[in-house]
Amino acid sequence: MTSYQRRTKDELAQRIAQDIHDGAYVNLGIGMPTLVANHLPEGVEVVLHSENGILGMGPAPEAGHEDYDLINAGKQPVTLLPGGAFFHHSDSFAMMRGGHLDICVLGAFQVSATGDLANWSTGESGSIPAVGGAMDLAIGAKQTWVMMDLLTKKGESKLVQQCSYPLTGLACVKRVYTDLATFACTADGLQLIDAVPGLSRETLEGIVGLPIAAAKGAE
């Protein structure tokens, strides 16, 4: 029996950061995706965007150096790199809707095998729906990536054949980065990009409960 270890949140953020190309304009969604900013490799220029009207964010500030007049859309204090800019959020949304962002990295409640995204409401009684700019980002960015744990707290796969939660966007997700594996969402379903050491594609299919095509060049 093989054993495997889940990626930590920082390891997952680092895995995503290594796929962001030099010169990319990127929006990092609220929650886990903001960690990606702390793992961008040196020598690679990535311009980070926040929908509340910032371009050119840097990594999270050191403890004790937070400036709460400088926050991202999730109200977390951020830093600003040389050349960074502030602007009205209507201009920010024009960037998002106009196809000016290369990549957005969002969290999700569910992603379908063909890339449908559900990340703003579970429909639970008493929960507060919070779509924010997710619909604009999911459809407006050139590539939409999802960062999430593969399983819910109940052990159910967040990758599904068809989303049961209210949809954010249709067929918009290109890649899903999880604590166990990285997937591509295609018109034909899920394709494996990579998995943590010791986790086979067959075992992963059992965990997800869906067919997963082999990575390109494998098998």
Side-chain angles (χ1 to χ4, degrees), residues 1-21 24 26 28-36 38-41 103-124 134 137-138 141-219:
M1 181 177 179
T2 58
S3 61
Y4 53 87
Q5 190 168 354
R6 298 177 186 274
R7 295 165 175 157
T8 66
K9 287 181 173 58
D10 279 307
E11 288 170 343
L12 181 52
Q14 187 176 36
R15 172 67 187 86
I16 295 169
Q18 75 183 37
D19 281 354
I20 298 176
H21 64 271
V26 180
L28 301 176
I30 294 170
M32 272 204 298
T34 58
L35 294 174
V36 175
N38 300 333
H39 296 277
L40 295 171
I103 299 166
C104 70
V105 184
L106 302 174
F109 296 128
Q110 289 178 331
V111 179
S112 80
T114 53
D116 297 341
L117 173 65
N119 77 342
W120 66 278
S121 175
T122 61
E124 289 185 13
L137 287 165
K142 294 173 185 174
Q143 289 195 68
T144 297
W145 296 352
V146 163
M147 177 184 185
M148 67 181 188
D149 291 334
L150 181 56
L151 303 178
T152 68
K153 292 178 180 179
K154 295 181 180 179
E156 299 168 345
S157 175
K158 295 182 183 179
L159 281 173
V160 295
Q161 185 64 41
Q162 187 173 2
C163 295
S164 59
Y165 295 145
L167 290 177
T168 306
L170 288 169
C172 56
V173 178
K174 301 301 182 191
R175 292 186 181 182
V176 180
Y177 294 82
T178 77
D179 52 341
L180 290 179
T182 309
F183 305 87
C185 295
T186 75
D188 298 321
L190 295 172
Q191 182 182 72
L192 184 64
I193 296 176
D194 62 47
V196 296
L199 179 58
S200 69
R201 182 171 61 88
E202 292 75 18
T203 301
L204 200 53
E205 284 183 322
I207 293 171
V208 174
L210 295 173
I212 301 170
K216 288 183 179 179
E219 298 185 6

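Residue numbers start at 1 and run along the sequence shown. On a predicted model such as this, the values are computed, not experimentally measured, just so you know.
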Summary of salt bridge (charged side-chain N to carboxylate O under 4.0 Å, His left out) pairs that have at least one residue in residues 9-21, sequence neighbours excluded: R15-D19, R15-D194, D19-R175
Pairs satisfying ring pair (Phe, Tyr, Trp, His ring centres under 6.0 Å), at least one member in residues 178-204, at least two apart: none
Under the side chain to side chain contact (heavy atoms under 4.5 Å, CB included) test, residues paired with E205 that sit two or more places apart: R201, P211, I212
Nearest 0.5 angstrom please: Q5 CD to D179 CG, how far? 11.5 Å
Just grab all the salt bridge (charged side-chain N to carboxylate O under 4.0 Å, His left out) pairs involving residues 146-159, residues at least two apart or on different chains. none
Please say whether more than 12 non-hydrogen atoms of neighbouring residues, nucleotides or ligands are located less than 6.0 Å from CD in Q143. yes
Note, M147 side chain near T34 side chain (heavy atom, < 4.5 Å): no
Could you give all pairs that pass the ring pair (Phe, Tyr, Trp, His ring centres under 6.0 Å) test and reach residues 157-180, with sequence neighbours left out? W145-Y177
For the CZ atom of R7 and the OG1 atom of T182, what is their distance to the nearest 0.5 Å? 4.0 Å
Any donor and acceptor pair, going by atom type alone, linking the side chain of T168 with main-chain N or O of N119 inside 3.5 Å? yes
Can you tell me if CD on Q18 sees more than 12 non-hydrogen neighbours from other groups inside 6.0 Å? yes
State, with a plain yes or no, whether a side-chain heavy atom of T114 is found less than 4.5 Å away from one of C185. no
So do V26 and L40 actually touch side chain to side chain, heavy atoms under 4.5 Å? no
How long is the span from the CE atom in M32 to the CG atom in L106, to the nearest 0.5 Å? 11.5 Å
Residues passing the salt bridge (Lys or Arg N to Asp or Glu O under 4.0 Å) test with D116, sequence neighbours excluded, are none
